[in-house]
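What's counted below: heavy atoms across the whole structure, side chains too, no hydrogens, waters or symmetry copies. Letters go in sequence order (proteins before strands), and every chain restarts at 1.
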There are 2 protein chains.
Amino acid sequence: MTDFQQFCNQFSELNELASLELVQTLKTKTFQKGDFILKSGMVCKHFYFVNSGLVKMFSTKDDKEFIVRFFSENLMFTAFESYLTQTASNFAIIALETTTVTLVSQKKLEELCKKHHSIETFFRKLVSVATLKMTKRIREMLEENATNRYNQFMIDNDLIVQRISLGEIAKYVGITQQSLSRIRNQK
Amino acid sequence: MTDFQQFCNQFSELNELASLELVQTLKTKTFQKGDFILKSGMVCKHFYFVNSGLVKMFSTKDDKEFIVRFFSENLMFTAFESYLTQTASNFAIIALETTTVTLVSQKKLEELCKKHHSIETFFRKLVSVATLKMTKRIREMLEENATNRYNQFMIDNDLIVQRISLGEIAKYVGITQQSLSRIRNQK
DNA sequence: ACTATTATTTATCAAATGGTAAATAATTAC
DNA sequence: GTAATTATTTACCATTTGATAAATAATAGT
């Protein structure tokens, strides 16, 4: 069983037929460091599963980047609003390392959700987990100052922080790189 | 058809049996202004639909409140992490006005999701919409300063802002009431 | 190894926001 | 209608963060 199939089964035990049909739709693609997986303004046609590598999902305003989240091995991502509504994305996704992803077509996943209850359940639970992470993020942004948000980020992402530059972390925490450098060195 | 049923059908056309079974599980409850619908530390056992009134969902830290969102007529809410995992909630919910809600039992909705594909679909889409709203919120908190966040709040909630005090809005925007008063009067 | 490029740190000053306190305004209870 | 309570505004000063610039450090390309 592939990592992707294991990932799915942790949410909902897919029956054999559903699993087979899902696997048949999959494609794999590799992006080099710096490559856009999705550009802002494009319509996101896939859900992605990270087999290896690391990506950032971000928005841009006044030439400044704001990072929504990093995704590394064994995580799924998509530009969800664009994916759901099939409209232009406000977010872009770039590979921070050579990254290999498994692609799940939006159209096909939508069909499979209709056809197989177990896939619908998988999708429901996948989105539910995303919602929990977002709630945590919103709460942290409201309650915590930049120092605490940085510290929490380092705890939550301890397995990948050494692969992410200070500048990128600052774009996640929501402050300038200079401010983060200051925070980090004032202990 | 009740407002709640109409709400459900806008996400997924529920078949007759599913709709009937869902409706049979419903209860209604009224909370007075200031009442807790859910206290922090309690386990959230329901999804709620607002028939009338207005509630705030918030967390507390160092005696300060941080509002995640307001919910008024024809919206559904729950303390989602607590609801999903049936563990103690980090969030509380209070009625800001006399509020009548329709209650959907977590246990029964979970059963109905298993039994009826169309209810699972409804739930999946409901959670998906919540995810979109949260993404928008995270993006705004990263990109925009307090002035813009306040203005955006007033636009997004134009139908209910006159029912919400300045202090509560400040707890949503993420600044002190004094700062918001200053922002509002510096034009 | 050397150069160019990129990343990080440091510094200075300006702007935004917080903490505290007090004044004023609005609302509610009797 | 008046007093009590609650909500909002204003003011002052401290703290945090941003903007800009420059210095230093690390990395990559040759």
Check your understanding: From the 5' end of DNA chain C to its 3' end, which nucleotides mark the outer limits of contact with chain B, defined by a 4.0 Å heavy-atom distance cut-off (strictly under)?
Key -> dT17(C) to dA21(C)
Exercise for review: Measure from CG on N148(A) to P on dT16(D) and round the result to the nearest Å.
Suggested key: 11 Å
Review point. In terms of side-chain heavy atoms, does T2(A) have a donor or acceptor partner in Q5(A) at a distance below 3.5 Å?
Key: yes
Review point. Looking at residues at least two apart in the chain, or sitting in another chain, which of them share a side chain to side chain donor-acceptor pair (under 3.5 Å) with N157(B)?
Key: none
Exercise for review: Round to the nearest Å and state the distance from K33(B) atom NZ to dT5(D) atom C1'.
Suggested key: 13 Å
Review point. Rounded to the nearest 0.5 Å, what separation is found between the SG atom of C8(B) and the NZ atom of K125(B)?
Key: 13.0 Å
Review point. With Q32(A), which residues qualify under side chain to side chain donor-acceptor pair (under 3.5 Å), at least two apart?
Key: T98(A)
Exercise for review: Determine whether the side chains of Q152(A) and D156(A) contain a donor N or O and an acceptor N or O closer than 3.5 Å.
Suggested key: yes
Practice item. Report the relative orientation of the aromatic rings in Y83(B) and F47(B); use parallel for angles under 30°, tilted for 30 to 60°, perpendicular for over 60°. Key: perpendicular
Check your understanding: Quick one: R182(A) CZ to dT15(D) C1', roughly how many Å, whole number?
Key -> 11 Å
Exercise for review: Decide salt bridge (Lys or Arg N to Asp or Glu O under 4.0 Å) for K61(B) and E144(A); before the verdict, give the C-alpha distance in whole Å, the side-chain angles of both, and the deciding distance to 0.1 Å.
Suggested key: CA-CA 9 Å; K61(B) 180 172 183 191; E144(A) 307 294 346; 2.9 Å; yes
Point to revise | Atom-to-atom span, CG of L180(A) to P of dT16(D) - whole angstrom | key: 15 Å
Review point. Does F71(B) have its ring centroid less than 6.0 Å away from the ring centroid of Y48(B)?
Key: no
Study note, to complete from the structure: In short, the helix from dA1(C)-dT30(D) to dC30(C)-dG1(D) is bent end to end, axes from five pairs each side, to 10°, by 50°
Exercise for review: For DNA chain C, find the residues of residues 160-179 of chain A with a heavy-atom distance under 4.0 Å and give them by number; none if there aren't any.
Suggested key: S165(A), L166(A), G167(A), Q177(A), Q178(A)
Exercise for review: Please confirm whether the backbone N or O of V127(B) pairs with a side-chain atom of T131(B), one donor and one acceptor, at under 3.5 Å?
Suggested key: yes
Review point. Within 45° of the six-membered ring axis of Y172(B) and under 6.0 Å from that ring's centre, is NZ or CZ of R137(B) located there?
Key: yes
**Study point:** Pair K108(B)-E111(B), salt bridge (Lys or Arg N to Asp or Glu O under 4.0 Å): steps then yes or no
**Key:** CA-CA 5 Å; K108(B) 286 177 182 158; E111(B) 286 167 13; over 6 Å; no
Review point. Counting distance only, does the side-chain N/O of S12(A) pair as donor-acceptor with the main-chain N or O of S118(A) below 3.5 Å?
Key: yes
Check your understanding: Should E110(A) and R124(B) count as an ion pair when the cut-off is N to O under 4.0 Å?
Key -> yes
Practice item. Give me the residues of residues 62-73 of chain A where at least one heavy atom lies under 4.0 Å from an atom of DNA chain D, by number, or none. Key: K64(A)
